[in-house]
Protein chains: 2
Amino acid sequence: MTLAPERSPRVREAVATARELLERDGPDGLTMRRLAGAMGIRAPSLYKHVESKEELEALLIADAFREIGELFHGAVAKSEGPKQEHGALGALARAYRGWALAHPHLYRLLTEGHLPRERLPEGLEAWAGEPVGIAVGGDPDLARAAWAFAHGMTILELDGRFPPGADLDAAWAAAIERFGSPAARQSSVGASPGRSS
Amino acid sequence: MTLAPERSPRVREAVATARELLERDGPDGLTMRRLAGAMGIRAPSLYKHVESKEELEALLIADAFREIGELFHGAVAKSEGPKQEHGALGALARAYRGWALAHPHLYRLLTEGHLPRERLPEGLEAWAGEPVGIAVGGDPDLARAAWAFAHGMTILELDGRFPPGADLDAAWAAAIERFGSPAARQSSVGASPGRSS
DNA sequence: CGCCTAAGCTAACGCCGTTAGCCGAGGAAG
DNA sequence: CTTCCTCGGCTAACGGCGTTAGCTTAGGCG
């Protein structure tokens, strides 16, 4: 049950449609009835393809983990040369925040509440998170701290918890500077893929 | 609407009961019907006292903000002497994590999703957050980074997102060390008010 | 004494995820 | 060619949710 049991075409369609609904209308827009409607079907028929809403969400989550996993691995890989601001950690932070702001509802689905690990391909979560450990230099405690910071920063921004004028780029930069290995240390993080509310 | 319009006894009872339900049974246990039941009443009657579930939650949130505000102000005040580990920031971190682990469902209600600011007493949120700015030495960017870290760390722990053996005390210590002003710097954070899953 | 209001009630609405059970189309097997 | 079985639709319904409409009753007050 942990080895991605190949999806039927109809399941793939359901997952694709569900993702559209979630990204466009938020969690309240992703309803079994609405999803069925978007597929030209009645809600109970969905259960011929998917055992529950939770399984459907797990499929969305698995796809998203693969997506960000590739994104993050690519980000640390491309930041090999010390030309990038704040090196691998900065690149990773920009990728992280950028993806979250581009897919806020999906990000929340991925990160909030209980993760249905038993429904996820084994090792996927760990693989997607690897780049943090790399970027931080190998210390697992520091990696977890950096991860927690990135998530906290991101979810607070998405939820509009920071005051209107807050300079979030500066907050990111302040933390990255402190979490990074004592290597290249200058300027600000630069990327500002979105504004806080 | 922003100046806490004095609660009737029945409203106070509703809020108290709601808090018990939430803390004991989690968010699914806090239902208008269940709350009414616990008060010996039917659900629609609740609306004679409270205009919506959202208002009820706002009352819970306001109380909790007052509670943690006092807790946090007290924590930084009592850590004046540099005897405490990591000074004010360490004391604040221990208070923060301790309260969250003691009241996980309430913590989630406070921090997750959209905050109904228009229903909250003005300035309450800012006052409760003040101590972070103080503990960090005044830099607002650094304060926001520290806040984001603490929230990220806490919510990830509550949601069981860290691997089973992870040393969360060490992760807290690693971050506190880096966020703190370059003053007293030694040992570990010490407090371990709970284990991660 | 009469009236008004506060605070309870039942019934119901529209939504949710989900189950039970029916039915038609289409392919496989004899 | 016919029979049968499986797949994927369907309707009806259940129990739960927040919430509204509208009725009733008890108490206090003029």
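So you know, we letter chains A, B, ... as the sequences are listed, proteins then strands, and number each from 1.
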Quiz item: Who passes side-chain contact (heavy atoms from CB on, under 4.5 Å) against B/A14, sequence neighbours left out?
Solution: B/M39, B/L56

Self-check item: Test side-chain contact (heavy atoms from CB on, under 4.5 Å) applied to B/D25 - qualifying residues, sequence neighbours left out
Solution: B/L21

Self-check item: side-chain contact (heavy atoms from CB on, under 4.5 Å) partners for A/A175, two or more places apart
Solution: A/F149, A/F179, B/A145, B/F179

Practice problem: Check ring pair (Phe, Tyr, Trp, His ring centres under 6.0 Å) between A/H73 and all other residues, then give those that pass, not counting sequence neighbours. | Solution: A/W127

Quiz item: Which nucleotide of DNA chain C is the first, and which the last, in the 5' to 3' direction, to come under 4.0 Å of a heavy atom belonging to chain A?
Solution: C/dC16 to C/dA20

Quiz item: If only atom types and distance count, is the side chain of B/S45 paired as donor or acceptor with the main-chain N or O of B/I41 below 3.5 Å?
Solution: no

Quiz item: Is there a donor on the side chain of B/R33 or the base of D/dG16 sitting less than 3.5 Å from an acceptor on the other?
Solution: no

Quiz item: Salt-bridged, A/E157 to A/R97, with N to O below 4.0 Å?
Solution: yes

Quiz item: Which residues, if any, of residues 16-28 of chain A bring a heavy atom under 4.0 Å of DNA chain D?
Solution: none

Quiz prompt | Those residues that, when tested against A/F65, pass ring pair (Phe, Tyr, Trp, His ring centres under 6.0 Å) (two or more places apart) | solution = none

Quiz item: Does a salt bridge link B/R108 with B/D159, judged by any charged N lying under 4.0 Å from a carboxylate O?
Solution: yes

Quiz item: How would you list, by chain and number, every residue that makes a side-chain contact (heavy atoms from CB on, under 4.5 Å) with B/P44, sequence neighbours excluded?
Solution: B/R42

Result block: side-chain N/O donor-acceptor pairs under 3.5 angstrom for residues 129-140 of chain B, not counting sequence neighbours:
unit_1: B/D139; atom_1: OD1; unit_2: B/D141; atom_2: N; d: 2.9
unit_1: B/D139; atom_1: OD1; unit_2: B/L142; atom_2: N; d: 3.4

Quiz prompt | Expected output: side-chain A/S8 to main-chain A/V11 donor-acceptor under 3.5 Å | solution = yes

Exercise. May I ask you to decide if the ring planes of A/W147 and B/F162 are parallel, tilted or perpendicular, using 30° and 60° as cut-offs?
Key: perpendicular

Quiz prompt | Contact list for DNA chain D against residues 42-58 of chain A - heavy-atom distance below 4.0 Å | solution = A/R42, A/P44, A/S45, A/K48, A/H49

Quiz item: Between the axis at one end of the helix from C/dC1-D/dG30 to C/dG30-D/dC1 and the axis at the other (five pairs apiece), what's the angle to 10 degrees?
Solution: 20°

Exercise. For B/R10, report the nucleic acid contact type (base, sugar-phosphate, nothing); a contact means any heavy atom under 4.0 Å.
Key: sugar-phosphate

Quiz prompt | Partner residues of A/E112 under the salt bridge (Lys or Arg N to Asp or Glu O under 4.0 Å) criterion, sequence neighbours left out | solution = none

